[in-house]
Amino acid sequence: MTTQPRPRRRVAIAGLGAIGKAIARELDRGGVDGMALEAVASADPAKHRGFLQSLQTLPRVRTLDRLWEEADLVIEAAPSRLLREIVEPFVSRGKSAIVMSAAALLDNPDLIDIAKANGGQIIVPTGALIGLDAVTAAAVGTIHSVRMITRKPVDGFRGAPFVIDNGIDLDRVDAPLKLFEGTARQAGKGFPANLNVAVALSLAGIGPDRTMVEIWADPSVTRNTHRIEVDADSARFSMTIENVPSENPKTGMITALSAIALLRKMEAPLQIGT
Ligand SMILES: NC(=O)C1=CN([C@@H]2O[C@H](COP(=O)(O)OP(=O)(O)OC[C@H]3O[C@@H](n4cnc5c(N)ncnc54)[C@H](OP(=O)(O)O)[C@@H]3O)[C@@H](O)[C@H]2O)C=CC1
Ligand SMILES: O=C([O-])CC(=O)C(=O)O
């Protein structure tokens, strides 16, 4: 008896920035067995003509509201304000969405209900962080506390609402400066393009109102550095990741690799890690 190969999962990418382009390249070169890039969306597709033409197979270029027609799965890799526009058309039709702008999920919690009611799925990769496997495992038992300390080069914080609202002059930061201390929910609001990782950590563990976060603008670091400290009934652990910035200084290179690893895992006959 011969077994039929499974149909390839059709993938769309919303956003062709640091993350979206790296994932598009990998899908195009056949780096994810069982998945094919069908469609992309960006704010200014003309800007990406050269990139798209460098791919072996040209994906369709669509607006965000039409991506669902082309794919079973969307990868959201766009500014966080567009989360609902990208995710809802997929999950309301029983399709899947991989969400990079995790912080925006806190403003759109009903997307999870919509996914549940319609058989859709929202998946948040570990992204630029470390250790979500251990955090989700510990959360099956009891986690007492989760703390995260983020240090980034000063430029990584330009444009953050918290920095603007508090009149912080980043040009005058010449020694490590603690910008913020509070909950992951507050961090996600104040630093939506910087602290997706804190929100992902909180969703894996004890939630956005109990996960505590410190944020430092540090002229002495060249990498986006996140340390997590977890105390649970099953284990105590701390881990640090030092991310090499990508072409977007706010985004670590490993973020796109994490999403690619997740795509591979979704199709793999052997899956490693929780
Ligand atoms: N979960 C995690 O660990 C991490 C998450 N992130 C988050 O992931 C998201 C993407 O990050 P990154 O790739 O670095 O971002 P970039 O700024 O590099 O890229 C954003 C992309 O979104 C596109 N875009 C903007 N408006 C629209 C629109 N109306 N329709 C379609 N596309 C649009 C832009 O298009 P164009 O190029 O045409 O202007 C651009 O290609 C961000 O929200 C970021 O905060 C980042 C790092 C870690
Ligand atoms: O560290 C990074 O590369 C990005 C980051 O913190 C985030 O968006 O959460």
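On a predicted model such as this, the values are computed, not experimentally measured, just so you know. We use all heavy atoms of the structure for the numbers below, so side chains are in, but hydrogens, waters and symmetry mates are not. Counting starts at 1 for both ligands and their atoms, in listed order.
Within the 4.0 Å heavy-atom criterion, the part of N196 lying near ligand 1 is the side chain and not the backbone. Contacts of L82 with ligand 1, taken as heavy-atom pairs under 4.0 Å, involve the side chain alone. Residue contacts with ligand 1, taken as heavy atom pairs separated by less than 4.0 Å, do not involve A102 at all. At a heavy-atom cutoff of 4.0 Å, ligand 1 is contacted by no atom of L129, backbone or side chain. Only the side chain of H48 comes within 4.0 Å of ligand 1, judged by heavy-atom distances. In K47, the part holding a heavy atom less than 4.0 Å from any atom of ligand 1 is the side chain.
Near V197, the atoms of ligand 1 lying under 4.0 angstrom from a non-hydrogen atom of the residue are 3 (O). Of all atoms in ligand 1, listed by their number and element, those nearer than 4.0 Å to a heavy atom of L64 are 30 (N), 31 (C). Under a 4.0 Å criterion applied to the non-hydrogen atoms of D44, ligand 1 contributes the atoms 38 (O). The atoms of ligand 1 that sit less than 4.0 Å from any heavy atom of G15 are 21 (C), 22 (O), 23 (C), 41 (O).
For the pair A77 and ligand 1, a heavy-atom separation below 4.0 Å is found. For A193, the closest heavy-atom approach to ligand 1 falls below 4.0 Å. Not close to ligand 1: A200, with no non-hydrogen atom less than 4.0 angstrom away. Heavy atoms of T255 approach ligand 1 to within less than 4.0 angstrom.
Which of S42, G252, S80 comes nearest to atom 32 (N) of ligand 1 through a heavy atom is settled by distance: it is S42. Comparing G127, A22, A43, A18 by heavy-atom distance to atom 34 (C) of ligand 1, the nearest is A43.
If you chain together hydrophobic residues whose side chains sit under 4.5 Å apart, F51 and I75 fall into the same group. Side-chain heavy atoms closer than 4.5 Å link hydrophobic residues (I, L, V, M, F, W, Y) into clusters, and following such links, possibly through other members, connects I114 to L105. The cluster map of Ile, Leu, Val, Met, Phe, Trp and Tyr, joined by side-chain heavy atoms under 4.5 Å apart, puts L27 and W68 in different clusters.
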Donor-acceptor list for residues 134-143 side chains, cut-off 3.5 Å, not counting sequence neighbours:
unit_1: T136; atom_1: OG1; unit_2: L132; atom_2: O; d: 2.9
unit_1: T136; atom_1: OG1; unit_2: D133; atom_2: O; d: 2.9

* Determine, stepwise, if the pair R84 / D110 fulfils salt bridge (Lys or Arg N to Asp or Glu O under 4.0 Å). => CA-CA 10 Å; R84 172 171 288 277; D110 61 310; 2.5 Å; yes
* After noting the C-alpha distance and the side-chain angles of E70 and R10, does the key distance pass the salt bridge (Lys or Arg N to Asp or Glu O under 4.0 Å) rule? -> CA-CA 7 Å; E70 309 290 347; R10 301 170 307 144; 5.5 Å; no
* Asked: Where do E229 and R236 land on the salt bridge (Lys or Arg N to Asp or Glu O under 4.0 Å) test, with the steps shown first?
  -> CA-CA 8 Å; E229 297 172 351; R236 183 181 303 142; over 6 Å; no
* To do: Before giving the answer on salt bridge (Lys or Arg N to Asp or Glu O under 4.0 Å), spell out for D155 and K250 the whole-Å C-alpha distance, their side-chain angles and the decisive distance to 0.1 Å.
  => CA-CA 8 Å; D155 280 344; K250 293 186 175 67; over 6 Å; no
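Results of the side-chain contact (heavy atoms from CB on, under 4.5 Å) test with T251 over N194, I19, N196 single out I19 as the only residue that passes. Under the side-chain contact (heavy atoms from CB on, under 4.5 Å) rule, T225 has a single partner from T240, N243, I241, which is T240. Of the residues listed (L111, I98, L83, N108), the one engaging I122 in a side-chain contact (heavy atoms from CB on, under 4.5 Å) is L111, and it is the only one.
Between L16 and ligand 1, an N or O atom pair is found at a separation short of 3.5 Å. Annotation: M100 places an N or O atom under 3.5 Å from an N or O atom of ligand 1; distance criterion only. The shortest N or O to N or O distance between S101 and ligand 1 is below 3.5 Å. At a 3.5 angstrom cut-off on N or O pairs, E76 does not count as close to ligand 1.
Closest non-hydrogen pair, L67 versus A39, comes out as CD2-CB, 3.9 Å.
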